[in-house]
Amino acid sequence: MHTNALYGFHNMLEVIVDKEKPTHALVAFDAGKTTFRHKYFEEYKGGRSKMPSEFAEQIPYMKDLLKGFGLKSYELPDYEADDIIGTLAREAEEKGFEVVVLTGDRDLTQLASDHVRIDITKKGVKDLKEHTKDSIQEEMGITPEQIVDMKGLAGDASDNIPGVTKIGEKTALKLLHEYGSVENLYEHIDEMKKSKRKEYLIDEKETAFLSKKLATIDRDAPVEISLDELDYDGQDMEALISFYKEMDFNSHLSKLDTTDYMEELAEELTEIDSTFVEEIDASMFKDGMALYTEMLDENYHHSEIICVAWGNKDNVYVADPKTVFQSDAFKNWIEDEAMQKVVYDAKQTYVALNRNELTIKGISFDIMLASYLLTAEDSSSGDLVDVAVKHDYQGVSPDEMVYGKGKKISRPEDESRMHDHLARKVLAINTLSETLDKELKENEQEDLLKKMELPLAMVLAEMEIQGITADAERLEKMKGEFQETLDRVEKQIFKEAGEEFNINSPKQLSVILFEKMGYPVIKKTKTGYSTAQDVLEKLRDQAPIVEYILEYRQISKIQSTYIEGLLKVIDPETSKIHTRYLQTVARTGRLSSVDPNLQNIPIRLEEGRKIRQAFVPREKGWKIYASDYSQIELRILAHISEDEHFIKAFNDDEDIHTTTAMRVFDVDDASKITPNMRRDAKAVNFGIVYGISDYGLSQNLNITRKEAKEYIDTYFERFPGVKTFIDEIIRQAKEQGYVETLFHRRRYLPDINSRNFNLRSFAERTAMNTPIQGSAADILKMAMIEMNKRIKEEKMQATMLLQVHDELIFEVPEAEIEKLEKLVEEVMENTVQLSVPLKVDSSYGDSWYDAK
DNA sequence: TCTCCACTCT
DNA sequence: CATGAGAGTGGAGAT
């Protein structure tokens, strides 16, 4: 369910209640589609499109939200919310109240008076503009009362109020300055000079009066709620908490004074049995038990285990790490492959135990991975409770409740709270492993977990622990050099600008560029002028300063993120960097890499590429060895779409972009394809994979939209299989609500049938891209598992270090290079058989930079 | 501490 | 009306 409108409405209420501190308050709703105004004019508010279902579905919950805020709401048949507001505002003002009307509707400005102020949302919901009688007079040049006269003459397109032909706001304003009101205008209409306008006014006199009447808010509606009933006395905590919980408004939940809430939560959790043990014996371990190792920091490479729990539905044991890691029984259990263990986050568990000299074997299920396979929703917070709640298991609390959050994260003073928390996690893992296993089987995704993600987790754990060696001295040296460049470029920018400012601040930069120096604004962002790269590039010819800015930005990114950033994460003892691969964030099945991200080390531009010189083998004389799949996504597209031309091109080992150019530009000889034609064809190929529009392609290739459309049309004509694939996959997505990769990885697309064009288009592009990108991810994952296995079988010293979406990076002794070359190609090219061959390109050198 | 922008990668 | 997929990080500025 969408909750965006509720969220926005909530924030608005929060701001207004806090700011205005009302003594009385009411929220007015429209009662229905028709009102008394429709009796005069059937088409009133006609032509409005239906309320989007995303919004409509939220309305029933508004009442719950209001209850939580302790606010009354009211609606009146045949009247609009405006009339209720108008009537009560009048009454309140008469009784001496100061009234504030909060609305998103400009029509209400007509209610402004000496003691009635109208606040209208400007942007978002928190940004309000106050309208008083005087400010309206000043801005519009008329009094609030005259607003309805204005609409009588000029009409209002949004409410379908007709007004008088040929009279818009400007003319209406002029007429009102002269005559004051619609009534007075018609009293003096004879004095008006003969003109077309006069004829219209005379002909449409009735319409003018009708329009005014329609626009006028009824300030005498038969409202049956009295002001006394509207006194406001604060939030209803119970109602608010249950609303927050239902809507998953966790940030609001945590903002509340949580002491009461936590007590309530604790009461909700049924008592569970667990044993805190100080001595461990073999009888405490059974096949199929769940295991959980608690750490306070998400980076398990550094964070210490603070508590360990294990067990099944019969017995749950909790123990201190000290106890656990001294126990032989525990070690025997962990390292016994035949004793199956169920966990939450297998990779984290592996690494954490590994740091305590234990190698866990026999992990048979991981509820985090299973949950990710079932829904591919973000569970990156790392908290088990998210997975539990998603699968309707209510028996655990969020970590935040036990340990606190942010800087204040720590062991609870009452250790038994932590023990209870962990015991609950163990029970959750036990229970959920059964339900999720069943669901995986129903989706034919069991292999995906047990043969792909789970074995991969073990491989990734080894890679992360291994780490890649980084040359800190090299980085330090580069840091000095880049700093010189930065200083030099900075001086030039200040000289051009005529003043000093923070170049890193887009806000300050846009003031310099677009206000002080007066260059044309090409694009705007949500918050101001865009100074993005593509914008600056368009200013290049007229603005010498942008050349320097682009250079400054490029270098300062290298400096802050890659040099200083990497230096911070090199282990000073071992000179190694240990990234963490996140296995459950990318919705396509790709991995991501954090702390640091080693999947986006610069390569495109030479200055940045030099960073790769700092990534070196762990032993002298060894090499960094890199293998990447050539065109894997297009090959998968060829395979899935079964497009005969695509398949033939790959089977004949043709240059795919050249072949595409030949077909799209209708050239029969490859030698007649110019580099530009090939470049364009390449852009089209990529565009197709991502579901580009003609607009996007035109921007990309700097051609007209029409030309881009022709490219795309011709492409589909010449590669009919691709067109069929796209149509078919979208149809399938609409029908079943999800798409799948070649290996049954699923992605649900709830927006695929949305009436919102943008949401629907986005879902359609996802429908075509996910099977391609996701299948590529699957293939590399399988290749990694196989590579890891083969390297061990062959007892090689070569080590797999990194994965970058379609490539694998190894470090290898010189003597093993040839063997590795053969092995990598064999494994990567043959782990999966498609209807086109998979091809791998490899290279090696003394550093990652040199492996090109 | 969060959000936005700009930059990096496949 | 907006306009090609999937990611993460750092700095500025707002909250």
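Each chain gets a letter, A, B and so on, in the order its sequence line appears, and its residues count up from 1.
As judged by a 4.0 angstrom heavy-atom cut-off over every strand, A/Asp694 is placed among residues making no nucleic acid contact. Among the atoms of the strands shown, only primed sugar atoms or phosphate atoms (P, OP1, OP2) are found under 4.0 Å from some heavy atom of A/Phe762. Contacts of A/Gln699 with the nucleic acid, taken as non-hydrogen atoms under 4.0 Å apart, are absent. Using a 4.0 Å heavy-atom distance criterion, A/Gly691 is classed as a sugar-phosphate-only contact. Among the protein residues, A/Thr770 comes within range of no part of the nucleic acid, since none of its heavy atoms lies under 4.0 Å from any strand.
Residues satisfying the salt bridge (Lys or Arg N to Asp or Glu O under 4.0 Å) criterion with A/Asp595, sequence neighbours excluded, are A/Arg580.
Using a 4.0 Å cut-off, some side-chain N or O of A/Lys507 falls inside it from OP1 or OP2 of C/dA14. In this model, the phosphate group of C/dA2 is not approached by any side-chain N or O of A/Ser693 to a distance below 4.0 Å at OP1 or OP2. Checking the phosphate oxygens (OP1, OP2) of C/dG6, no side-chain nitrogen or oxygen of A/Thr588 falls inside 4.0 Å.
Taking the charged nitrogens against the carboxylate oxygens, A/Arg540 and A/Glu547 do have a contact shorter than 4.0 Å, which makes a salt bridge. The residues A/Lys516 and A/Glu499 are annotated as salt-bridged, a charged nitrogen and a carboxylate oxygen being separated by less than 4.0 angstrom. In this structure, A/Arg590 pairs ionically with A/Glu633, as a charged nitrogen and a carboxylate oxygen lie closer than 4.0 Å. Taking a cutoff of 4.0 Å between a charged side-chain nitrogen and a carboxylate oxygen, A/Lys523 and A/Asp534 qualify as a salt bridge. A salt bridge does not link A/Glu740 to A/Arg747: none of the charged side-chain nitrogens sits closer than 4.0 Å to a carboxylate oxygen. Between A/Glu606 and A/Lys610 there is a salt bridge, since a side-chain N of the basic residue sits under 4.0 Å from a carboxylate O of the acidic one.
The CZ-P distance, from A/Arg745 to C/dA5, rounds to 20 Å in whole Å. The separation between A/Ile730 atom CD1 and C/dA5 atom P is 13 Å, rounded to whole Å. We find that CG of A/Leu582 is positioned 6 Å from P of C/dG8, with the value rounded to whole Å. Distance OH (A/Tyr695) to C1' (C/dT3): 7 Å, rounded to an integer number of Å. Rounded to whole angstrom, the span from the NZ atom of A/Lys524 across to the C1' atom of C/dA2 amounts to 17 Å. C/dG10 atom P lies 12 Å from atom CG of A/Leu567, rounded to whole Å. When rounded to the nearest whole Å, the span between CG of A/Leu486 and P of C/dG11 equals 12 Å. Rounded to an integer number of Å, the gap from A/Arg580 CZ to C/dA7 C1' is 15 Å.
Using a 30° and 60° split on the angle between ring planes, A/Phe615 and A/Trp848 fall in the perpendicular class, above 60°.
Distance noted for atom C1' between B/dA6 and C/dC1: 25 Å (whole Å). If you take atom C1' in C/dG4 and the same atom in B/dT3, they sit 25 Å apart, rounded to whole Å. Rounded to the nearest Å, the gap between the P atom of B/dC5 and that of C/dA2 is 15 Å.
Which of C/dG6, C/dA12, C/dG4 sits closest to the side chain of A/Ala586 comes down to C/dG6. With C/dA5, C/dA7, C/dG11 as the choices, the nucleotide that has an atom nearest any side-chain atom of A/Ser560 turns out to be C/dG11. You'll find that the side chain of A/Val585 is closest to C/dG8, out of C/dG4, C/dG6, C/dG8.
Nearest heavy-atom pair, A/Tyr581 versus A/Glu464, reported as atom, atom and distance to 0.1 Å: N-OE2, 2.8 Å.
Between A/Phe719 and A/Tyr715, the distance from one ring center to the other falls under 6.0 angstrom. Between A/Phe494 and A/Phe501, the distance separating the two ring centers is shorter than 6.0 angstrom.
The base of C/dG4 is paired with the side chain of A/Asn700 by a donor and an acceptor separated by under 3.5 Å.
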(request) Dot-bracket for DNA chain C, please, read 5' to 3', with Watson-Crick or G-U wobble pairs under 3.5 Å on both distances, ( ) within the strand, [ ] crossing, | other strand, . unpaired. (result) ....||||||||||.
(request) Take nucleotides 3-10 of chain B nucleotide by nucleotide from the 5' end and write B, S or -, depending on whether a protein heavy atom sits under 4.0 Å from the base, only from the sugar-phosphate, or from neither. (result) -SSSBBSB
